[in-house]
Asks: 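For reference, the structure I am asking about is given below.
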2 protein chains.
Amino acid sequence: MRSRSTIYDVAERAGVSAKTVSRVINNSSLVAPDTRRRVLAAVAELDFHPDSAAKGLRQRRRKSVGLVIPYGSDFVFQDPGMWAQTNGAHRALSERGYDLVLAVPQTRELVLHELSRLTKNRTVDGVILYAMEGVDTLIKEFDRLKIRYVSLSMCYSGQDYNFVDTDSSYVCHLATKYMIDQGARRVGLIREPEGFFHPAKATAEQGYRRAYREAGLSADESLILPGEYSVESGYERTCRFIKDVPGIDGILCMSDPMAMGALRALREHGLTPGVDIDFVSGDDFAASRAMWPGLTSIRTPLYEQGYHAGAMIVDYIQSGKKIPGKLLKGELIVRQSVRSRN
Amino acid sequence: MRSRSTIYDVAERAGVSAKTVSRVINNSSLVAPDTRRRVLAAVAELDFHPDSAAKGLRQRRRKSVGLVIPYGSDFVFQDPGMWAQTNGAHRALSERGYDLVLAVPQTRELVLHELSRLTKNRTVDGVILYAMEGVDTLIKEFDRLKIRYVSLSMCYSGQDYNFVDTDSSYVCHLATKYMIDQGARRVGLIREPEGFFHPAKATAEQGYRRAYREAGLSADESLILPGEYSVESGYERTCRFIKDVPGIDGILCMSDPMAMGALRALREHGLTPGVDIDFVSGDDFAASRAMWPGLTSIRTPLYEQGYHAGAMIVDYIQSGKKIPGKLLKGELIVRQSVRSRN
DNA sequence: CTGTTAGCGCATTCAG
DNA sequence: CTGAATGCGCTAACAG
């Protein structure tokens, strides 16, 4: 196969210098219309594609971003929402001329190694960090190592920049209020794990408490348990609710994997959601939709989250300035798993 | 921020030439042990990471591979198995020193554009093609454009190289035989779409027919329908079976999204899998496992498929020679959705 | 075993 | 508006 054509081949064919070709393919305005046309014709004829390595070497940027997937955090590969977020991130990057490189460190310890490699050898210009446990300590290292990042669905306590998340407080308030309005009085909340950091005033628990307060009711402490975003933890917490909380009439579970476990626990205790007890799932994945009776669920705008993260990391790379964090609103999808008592 | 260190900084600090540093970091054996140690020390002290662009420019390879996700084929983003395959592919690539770049062409027409860009501008050295409709015509273009590829879960009619797939004939035979052994006699098969090409003698239908033949039974033509790998098509085909095939006593559905639709159809007709009718799902995703009664399913080795695809594209890139295609075996996961009549 | 020279393909000076 | 010279950081080819 003949070696592919270079900018010099194009220049020769168009009867101009290499620099002029460079101007044309980079949309510099300082080119005469006629010259531009001749160059573009030559580009097409020779099927010229500027070498990304040469370009990257010269310009000291790769126009690509890493997406860090925390392999080994067991909940993640149970999480069908990951694709939606990846898809959104890819779209935003693609629209801005950036490629997406997947980084899948095998263990938590390897995260820094892998990201040092990718960023310091300039394979990527920055990274998007998918939610992972203990990301808060990690992020501080990123700041120290000057790794450019945006974190997705997660930030450390007090971080007010370079993150995208959905407002847990908002959606949890929405769901709790709905359940109370329908007649529920003792709703068990399986909330996000202790180790997960969220921006101030945006925890699920706060939204939950606000809904109770606004309804003039008081929420029992025993009604709130942290989960671990795993099927197992959803199962265990639900069993505890059934055993320890007399008169519990609803369960609100802040993620689908936990909801899967919770549903199994209900089944084993002979309780049918929407019939014997109210149930709201914290995500709206395929499993929720396929189930019968349909689960009333919180829809997190996953694609949008990913998209904003992609847009944000590019802003950051290009401006060099930290970007204020962004909180998105979710919505409640009403199906059959909450009883109507009105 | 001080500009990051180059190979010359390391050379100076170690008191050797740049080339010697290059030898050390590339594991050339022609370096004196003592020199090597001094160089490695300097590398560590300066936190030196060889610039991937400079290296790629010089060596004319990027050590990265594209994974093409056919966005727009609606079934794909319903497919939780995509991550397993991506994960396997990433692992194989990572072990071989390659990065994975995601390519998500928005439409079928953009596939060639996007891949031309990524390969001709040397962003990637080759690509893995995720299953998509009409990939067979696409692949022929790849051959013409000299794009290095391996196709995943798919190949064109007659292609006997550069693909990884699971042997549909094998797993379908396994499932059909099991259902017949348990007492089913009229099993409806919702098989892969017409447009999907598989290596000769490896279609689901062939395995199905063989199982019938071996049992000394004959399979009615009306028992076999092609699906489209979508929820909708599973629903529609199942309704047709129930309406048109008297005495149907089992359904075998070659993918999970189709199975979701099929299950809905059964439910609407008042039929419970494992009680009124036998049912086997063609994949074994979370939804199958979470369901009750548990779905007897075919487990496709998705991670392994991805892994082999990653290994194969690297072999191809490095050797320049086409690699014989690989067919993997799946297995049957027995749960409660097939009645035991023995 | 080690060093020198040259150039990968492009874009950035700085002149015209 | 256009071009000539230079070098980004690395390694292949060729010495020694």
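So that the names make sense, note that chain A is the first sequence line, chain B the second, and so on, each numbered from 1. Small disclaimer: the values here were computed from a predicted structure and weren't measured.
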Asks: Counting only distance, no hydrogens or angles, is the base of dG3(C) paired donor-acceptor with the side chain of R23(B) under 3.5 Å?
Replies: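 When only heavy-atom distances are counted, R23(B) does reach the base of dG3(C) through a donor-acceptor pair under 3.5 Å.
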
Asks: Between V16(B) and R58(B), just flag the one whose closest nucleotide in DNA chain C comes earlier from the 5' side.
Replies: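 This one resolves to V16(B).
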
Asks: How long is the line joining CZ of R60(A) and P of dC10(C), in whole Å?
Replies: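 Atom CZ in R60(A) sits about 19 Å away from atom P in dC10(C).
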
Asks: Could you say whether P33(B) or L57(B) is positioned toward the 5' end of DNA chain C, judged by the nucleotide with the nearest heavy atom to each?
Replies: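 Of the two residues, P33(B) wins.
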
Asks: A side-chain contact here means heavy atoms from C-beta on lying under 4.5 Å apart; do L100(B) and V101(A) qualify?
Replies: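 Side chain of L100(B) against side chain of V101(A), heavy atoms only: no contact under 4.5 Å found.
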
Asks: In whole Å, what is the span from the CG atom of D9(A) to the C1' atom of dC8(C)?
Replies: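 Taking atom C1' of dC8(C) as the reference, CG of D9(A) is at 14 Å.
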
Asks: Do R91(B) and Y307(B) form a cation-pi contact, if we require the NZ or CZ to be under 6.0 Å from the six-membered ring centre and within 45 degrees of the ring's axis?
Replies: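 Checked: cation-pi criterion not met.
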
Asks: What is the distance from CD1 of I25(B) to P of dA12(D), rounded to the nearest Å?
Replies: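 So the CD1-P distance, I25(B) to dA12(D), works out to 11 Å.
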
Asks: How many Å lie between CD on E12(A) and C1' on dG9(C), as a whole number?
Replies: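 Roughly 16 Å, once rounded to whole Å.
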
Asks: So Y149(B) and Y161(B), would you call those rings parallel, tilted or perpendicular, with 30° and 60° as cut-offs?
Replies: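 Plane angle between 30° and 60°, so tilted.
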
Asks: Heavy atoms under 4.0 Å, any strand shown: does K55(A) hit a base, just sugar-phosphate, or nothing?
Replies: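 Sugar-phosphate, no base atom in range.
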
Asks: Rounded to whole Å, please give me the gap between CD in Q59(A) and C1' in dC8(D).
Replies: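 My rounded result for the distance is 11 Å.
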
Asks: Once you round it to whole Å, what is the distance between P of dT11(D) and NZ of K63(B)?
Replies: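 One finds 12 Å between P of dT11(D) and NZ of K63(B), rounded.
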
